[in-house]
Amino acid sequence: MIVGVPKEIKNNESRVGMTPAGVFELVKNNHTVYVQSGAGKGSGFFNQDYQQAGATILDTIGQVYAMSDMIVKVKEPIAEEYDLIQKGQIIFTYFHFASSEALTKAMIASKSICIAYETVEDEEGTLPLLTPMSEVAGRMAIQQGAKYLEKPVKGRGVLLGGVPGVAPGRVLVLGAGTVGIQAAKMAAGLGAHVTILDINMKRLRYVNDVMPSHVVTEFSSEFNIRKHIQTHDLIIGGVLLKGAKAPNLITRDMLKEMRPGTVIVDVAVDQGGCVETTKATTHEDPIYIIDDVVHYCVANMPGAVPYTSTVALTNVTLPYVLKLANAGWRSACNLDKSLAKGLNIVDGEVVYEEITEAFNWESVLA
Ligand SMILES: NC(=O)c1ccc[n+]([C@@H]2O[C@H](COP(=O)([O-])OP(=O)(O)OC[C@H]3O[C@@H](n4cnc5c(N)ncnc54)[C@H](O)[C@@H]3O)[C@@H](O)[C@H]2O)c1
């Protein structure tokens, strides 16, 4: 198969769909890989690295799309790319169709085979191609939170780890899923006191088993949240209700109960946030302050660490890329039910029910 790796042209996206290690594996399996010149630069991978791994560098995005059977990328195609996509071409990337009717219509019209990272689902119902980005965001939440606790950026002026003779900072983590556990682990590593809340007792039992004793679990309730926000310096929002808006666990009135300079990092902002006062921000202007509480609500946190994010993402996408290249999409999806769940639009037909539901279209599924 001929596999193409274009440069991401969405604003502020520095990740790339394949590393030189991925190229090496594909070439070893007798596939051809075309990489657009400069595609990996933002993630620290240069043309020469790809060439050494066996790729051919092409100058333009148009050439990559025109010459490839399968395109492997990161973000959904943007309007400039719509016309480059060919009939029957496999596009393997994050699509998030339900959030864009224009994209959905364009991909239907293209008659391509759209396989979405975010809907590939394993037997336990987890989403293996989303997990690494939650891991990145969870760990990064503490790094960012620690920074915004500093006084010059209006934080409380607290060092998370404390020093001998001074108590450490206190971190409250809402949700003990992937984001929450990674955040708790980083905060604990810095020496902070951590309280982690969830409504899922299985998750709390797990956290209790694997974390050190300065990570304390409690059941998530309004009562407990109201109590803890008064004494914690940094609050991480990492809750998720699958397919729904995140619940508002912290309401506007609660901000007044927090100490001035408390920092909230609402990682769940991409699902509407779990704090009533959350509104999405960007890496250029990541915070705003309401009632003396610092809000950090960047919707694409992994974008700030493209090297780590690219490697983390391609570690999990590559096995699927290889299956698609080796067997073709039909056989690969027949053999691998997790991958089959990634099929969203096939040859002009929507095959993923939630998309038609999102736009109130009549289902076209059999
Ligand atoms: N901002 C970003 O850049 C970024 C990056 C990655 C992920 N995210 C988002 O972070 C959020 C969390 O992702 P995840 O992978 O950790 O999800 P996850 O499913 O692994 O974990 C979510 C946890 O929230 C818990 N939960 C649900 N309701 C709760 C409540 N009322 N109180 C406490 N806990 C509750 C669930 O039981 C679950 O353990 C998602 O919205 C995800 O999209 C954002």
Side-chain angles (χ1 to χ4, degrees), residues 12-15 74-75 94 96 98-99 116-122 124-145 172-186 194-208 210-211 217-229 235-251 254 264-276 278-283 286-287 295-306 308-309 312-313 316:
N12 273 317
E13 182 54 65
S14 304
R15 287 173 292 175
V74 180
K75 296 302 283 186
Y94 287 122
H96 296 288
S99 60
Y117 291 165
E118 70 275 8
T119 66
V120 171
E121 187 176 329
D122 64 20
E124 289 97 54
T126 58
L127 307 169
L129 306 190
L130 275 185
T131 304
M133 294 305 104
S134 287
E135 290 169 339
V136 170
R139 290 189 173 206
M140 208 177 134
I142 299 303
Q143 202 167 303
Q144 295 301 314
L172 176 65
V173 181
L174 304 175
T178 308
V179 165
I181 286 185
Q182 295 303 321
K185 189 175 163 146
M186 290 298 276
V194 182
T195 308
I196 182 162
L197 311 184
D198 204 300
I199 48 173
N200 181 338
M201 281 309 299
K202 266 195 189 161
R203 299 300 294 175
L204 293 183
R205 281 195 188 99
Y206 174 73
V207 172
N208 187 261
V210 300
M211 293 280 176
T217 58
E218 273 191 47
F219 194 77
S220 178
S221 64
E222 183 179 340
F223 183 86
N224 279 339
I225 293 171
R226 281 191 184 270
K227 178 179 70 180
H228 288 307
I229 55 173
I235 300 167
I236 308 295
V239 306
L240 176 67
L241 297 178
K242 255 190 197 160
K245 195 218 159 279
N248 270 341
L249 300 184
I250 296 183
T251 49
M254 291 186 191
I264 299 175
V265 177
D266 196 354
V267 184
V269 56
D270 60 340
Q271 299 292 334
C274 59
V275 178
E276 192 179 354
T278 286
K279 54 177 197 295
T281 59
T282 61
H283 289 295
I287 60 155
H295 293 57
Y296 174 101
C297 307
V298 174
N300 66 330
M301 293 172 69
V305 287
T308 305
S309 301
L313 176 65
V316 291

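As the structure lists them, so they are numbered: ligands from 1, and atoms in each ligand from 1.
The pair Arg139-Glu135 fails the salt-bridge criterion, with no side-chain N (NZ, NE, NH1 or NH2) lying under 4.0 Å from an Asp/Glu carboxylate O.
Protein heavy atom nearest atom 44 (C) of ligand 1, with residue, atom name and distance: Val267 O, 3.0 Å. In this structure, atom 20 (O) of ligand 1 lies nearest to the protein heavy atom Thr178 N, 3.0 Å. Summary of contacts: the protein heavy atom closest to atom 43 (O) of ligand 1 is Asp270 OD2, 2.7 Å. Nearest non-hydrogen protein atom to atom 41 (O) of ligand 1 is Gln271 CG, 3.1 Å. Ranking protein heavy atoms by distance to atom 27 (C) of ligand 1, first place goes to Leu240 O, 3.6 Å. Counting protein heavy atoms only, atom 38 (C) of ligand 1 is closest to Asp198 OD2, 3.5 Å. For atom 3 (O) of ligand 1, the nearest non-hydrogen atom of the protein is Met301 N, 2.7 Å. Ranking the protein heavy atoms by distance from atom 35 (C) of ligand 1 puts Val239 CG1, 3.7 Å first.
Of all atoms in ligand 1, listed by their number and element, those nearer than 4.0 Å to a heavy atom of Met133 are 5 (C), 6 (C). Counting the atoms of ligand 1 from 1 in the order shown, those under 4.0 Å from a heavy atom of Leu197 are 33 (C), 34 (N). Numbered from 1 in the order shown, with element, the atoms of ligand 1 that lie under 4.0 Å from a heavy atom of Ala137 read 4 (C), 5 (C), 6 (C). Close approach to Leu249 involves these atoms of ligand 1, each under 4.0 Å from a residue heavy atom: 30 (C), 31 (N), 32 (N). Per-residue contacts place Leu241 under 4.0 angstrom from the following atoms of ligand 1 (heavy atoms of the residue considered): 27 (C), 28 (N). Each of the following atoms of ligand 1 lies closer than 4.0 Å to a heavy atom of Asn200: 37 (O). In summary, the atoms of ligand 1 found under 4.0 Å from a heavy atom of Ala299, numbered by their order in the structure, are 1 (N), 2 (C), 3 (O). Counting atoms of ligand 1 from 1 in the listed order, those under 4.0 Å from a heavy atom of Asn300 are 3 (O).
Of the possible donor and acceptor atoms, none in the side chain of Ser14 sits under 3.5 Å from a partner among the backbone N and O of Pro306. One N or O on the side chain of Asp266 and one on the backbone of Val275 form a donor-acceptor pair closer than 3.5 Å. A donor-acceptor pair is defined here as one N or O able to donate and one able to accept, closer than 3.5 Å; no such pair exists between the side chain of Glu276 and the backbone of Asn248. Side-chain N or O atoms of Ser220 include none that pairs as donor or acceptor with a backbone N or O of Asp198 at under 3.5 Å. Between the Asn208 side chain and the Thr217 main chain, no donor and acceptor come within less than 3.5 Å of each other.
Proximity of Arg203 to Ile181: side-chain heavy atoms (C-beta onward) are separated by under 4.5 Å at one or more points. Looking only at side-chain heavy atoms (C-beta outward), Ile142 and Ile236 come within less than 4.5 Å of each other. Using a 4.5 Å heavy-atom threshold, the side chains of Tyr117 and Leu130 count as separate. A 4.5 Å side-chain heavy-atom check between Ile250 and Ile235 finds at least one atom pair inside the cut-off. His283 places a side-chain heavy atom less than 4.5 Å from the side chain of Asn300. In this structure, the side chains of Leu313 and Met133 come closer than 4.5 Å at one or more pairs of heavy atoms.
The closest approach between Val298 and ligand 1 falls below 4.0 Å for a heavy atom of the residue. Ligand 1 lies nowhere less than 4.0 angstrom from a heavy atom belonging to Ala246.
Atom NZ of Lys185 has 12 or fewer heavy atoms from other residues, nucleotides or ligands within 6.0 Å. Within a 6.0 Å sphere centred on CD of Glu222, other residues, nucleotides and ligands contribute 12 heavy atoms or fewer.
Distances from atom 28 (N) of ligand 1 to the heavy atoms of Asn248, Ile199, Ile196 show the closest one on Ile199. Considering each of Gly177, Pro247, Gly238, the one bringing a non-hydrogen atom nearest atom 18 (P) of ligand 1 is Gly177.
Here's the thing with Val179: one of its N/O atoms is less than 3.5 angstrom from an N/O atom of ligand 1. Checking only distances, Val269 never comes within under 3.5 Å of ligand 1, N or O to N or O.
Using a 4.0 Å cut-off between heavy atoms, Ser134 contacts ligand 1 through both its backbone and its side chain.
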